[in-house]
Q: 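My questions all concern the structure below.
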Amino acid sequence: MGKIIFYEDRNFQGRNYECMSDCSDISSYLSRVGSFRVESGCFMVYERNGFMGNQFFLRRGEYHDMQRMMSMGMMFDTIRSCRMIPPHRGSFRMRIYERDNFGGQMYELMDDCENIMDRFRMSDCQSCHVMEGHWLMYEQPNYRGRMWYFRPGEYRSFSNTGGMRFISMRHIMDSWY
């Protein structure tokens with residue numbers, strides 16, 4: 001089970017909201033988020049309500065200042081929703097496809113991939129099928145840039161990711177919890 005506490009002000013000051021599951025609208029509890037503490041588990045936080053917009057992965061730790069988070073790679077200055085990532089104890093498996101609707105070349109991953117261009121000579125990844133585990137996919141090589149969270153399921157098109165191209169991907173490991 002995971003637990004994250006959001007605070008309205010920096011350095012864990014002001015009103016707070018404790019969350020131990022998904023929350024689609026943090027603004028109904030707090031007017032803003034200035035800092036937060038992940039006490040257990042892993043979470044994805046989103047810039048818009050309903051788990052929409054840019055995403056950022058959080059693991060256990062203290063995050064004293066939202067403004068500082070932007071220098072760590074967070075591509076937005078507000079948090080409106082969050083999703084708890086359940087732990088996965090087992091194997092990891094995902095198929096990535098070069099085109100929408102599972103078209104074009106297909107490659108199966110069971111481990112992290114720093115760069116699909118180098119590893120598979122694949123220039124683009126437009127759909128995927130996550131069969132086992134939870135994955136983060138990144139727009140740049142070496143797990144950099146904006147990221148997107150994928151849980152088990154079929155993702156026929158990445159058109160809802162704001163035109164992001166995914167170049168690297170890694171599974172969410174137990175040691176991160």
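None of the values given here were measured: they were computed from a predicted structure. Position 1 is the first residue of the sequence; numbering continues from there.
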Q: Which one of Met44, Arg151, Arg59 satisfies the side chain to side chain contact (heavy atoms under 4.5 Å, CB included) criterion with Ile85?
A: Met44

Q: Under the 3.5 angstrom rule, does the side chain of Asp22 hit a backbone N or O of Met84 as a donor-acceptor pair?
A: yes

Q: Looking at side-chain heavy atoms only, is the closest gap between Met94 and Met169 below 4.5 Å?
A: yes

Q: If I take atom CH2 from residue Trp148 and atom CZ from residue Phe158, how far apart are they, to the nearest 0.5 angstrom?
A: 10.5 Å

Q: Report the distance from atom CD of Glu114 to atom CD of Gln140, rounding to the nearest 0.5 Å.
A: 14.0 Å

Q: About how many Å separate CG of Asn16 and CG of Asp9, when rounded to the nearest 0.5 Å?
A: 11.0 Å

Q: What are the two closest heavy atoms between Cys82 and Cys19, and how far apart are they?
A: SG-SG, 3.7 Å

Q: Restricting to non-hydrogen atoms, name the atom on Arg10 and the atom on Ser35 that form the minimum distance, rounded to 0.1 Å.
A: C-OG, 3.8 Å

Q: If you look at every heavy atom in Glu139 and Ile167, which pair is closest and at what distance?
A: O-CG1, 3.3 Å

Q: Would Gln105 and Phe120 satisfy side-chain contact (heavy atoms from CB on, under 4.5 Å), going step by step from the backbone distance to the final call?
A: CA-CA 10 Å; Gln105 292 291 322; Phe120 302 117; over 6 Å; no

Q: So, do Ile5 and Phe12 sit near enough that their side-chain heavy atoms are less than 4.5 Å apart?
A: no

Q: Please check if atom CE in Met117 has more than 12 non-hydrogen atoms from other residues, nucleotides or ligands closer than 6.0 Å.
A: yes

Q: Report yes or no: do Met66 and Tyr17 belong to one cluster of Ile/Leu/Val/Met/Phe/Trp/Tyr joined by side chain heavy-atom distances under 4.5 Å?
A: yes

Q: Any side-chain heavy atom of Tyr143 sitting closer than 4.5 Å to one from Leu136?
A: no

Q: If you compare all heavy atoms of Ser21 against all heavy atoms of Phe43, which two are closest, and at what distance to 0.1 Å?
A: O-CE2, 4.3 Å

Q: Working to the nearest 0.5 angstrom, can you tell me the gap between Met106 CE and Met122 CE?
A: 10.0 Å

Q: With side chain to side chain donor-acceptor pair (under 3.5 Å) as the test, would you mind laying out the steps for Asp124 and Gln126 before giving the verdict?
A: CA-CA 6 Å; Asp124 214 355; Gln126 290 297 318; 3.0 Å; yes

Q: Do Ile116 and Met147 belong together in a cluster built from hydrophobic side chains that touch within less than 4.5 Å?
A: no

Q: Calculate, to the nearest 0.5 Å, the distance between atoms CZ and CD1 belonging to Phe6 and Ile26 respectively.
A: 3.5 Å

Q: Please report whether the ring centroid of Phe166 lies less than 6.0 Å from that of Phe150.
A: yes

Q: Looking only at heavy atoms, which two atoms of Cys128 and Met137 are closest? And how far apart?
A: SG-SD, 4.4 Å

Q: Testing Phe57, Trp135, Tyr138 one by one against Arg170 for a side chain to side chain contact (heavy atoms under 4.5 Å, CB included), which residue passes?
A: Tyr138

Q: Could you state the interatomic distance from OH (Tyr46) to CZ (Arg83), rounded to the nearest 0.5 Å?
A: 4.5 Å

Q: Do you know which of Ser27, Cys23, Ser28 makes side chain to side chain contact (heavy atoms under 4.5 Å, CB included) with Asn49?
A: Ser27

Q: Is there a side-chain contact between His134 and Pro86 (heavy atoms, below 4.5 Å)?
A: yes

Q: Main chain of Gln13, side chain of Asn11: is a donor-acceptor contact present, judged purely on distance under 3.5 Å?
A: no

Q: Could you tell me whether a side-chain N or O of Thr78 sits under 3.5 Å from a main-chain N or O of Glu47, the two making a donor and an acceptor?
A: no

Q: Quick check: does any side chain N or O of Gln55 sit under 3.5 Å from a backbone N or O of Tyr149, one acting as donor and the other as acceptor?
A: yes

Q: Can you get from Phe51 to Met164 by hopping between Ile, Leu, Val, Met, Phe, Trp and Tyr side chains that sit under 4.5 Å apart?
A: no

Q: When the ring planes of Tyr63 and Phe36 are compared, do they come out parallel, tilted or perpendicular, using 30° and 60° as the limits?
A: parallel

Q: Less than 4.5 Å apart, side chain to side chain, heavy atoms only: is that true for Arg146 and Asn54?
A: yes

Q: Check whether any side-chain heavy atom of Arg119 sits under 4.5 Å from a side-chain heavy atom of Tyr107, and report yes or no.
A: no

Q: Any pair with a residue in residues 126-135 that passes salt bridge (charged side-chain N to carboxylate O under 4.0 Å, His left out), sequence neighbours left out, goes on the list, sorted by first then second residue, please.
A: Arg93-Glu132

Q: Is the closest side-chain heavy-atom distance between Met131 and Glu108 below 4.5 Å?
A: yes

Q: Can you tell me if Glu98 uses its side chain to pair, donor with acceptor, with the backbone of Ser123 under 3.5 Å?
A: no

Q: For a quick test of reading the model, state the closest non-hydrogen atom pair linking Cys125 to Ile96 and the distance between them.
A: SG-CB, 3.7 Å

Q: Please answer whether the main-chain N or O of Asp100 pairs with a side-chain N or O of Ser157 as donor and acceptor at a distance below 3.5 Å.
A: no

Q: Are a donor atom and an acceptor atom from the side chains of Asp112 and His171 found within less than 3.5 Å of each other?
A: yes

Q: Is a donor from one side chain sitting under 3.5 angstrom from an acceptor on the other, for Arg37 and Tyr7?
A: yes

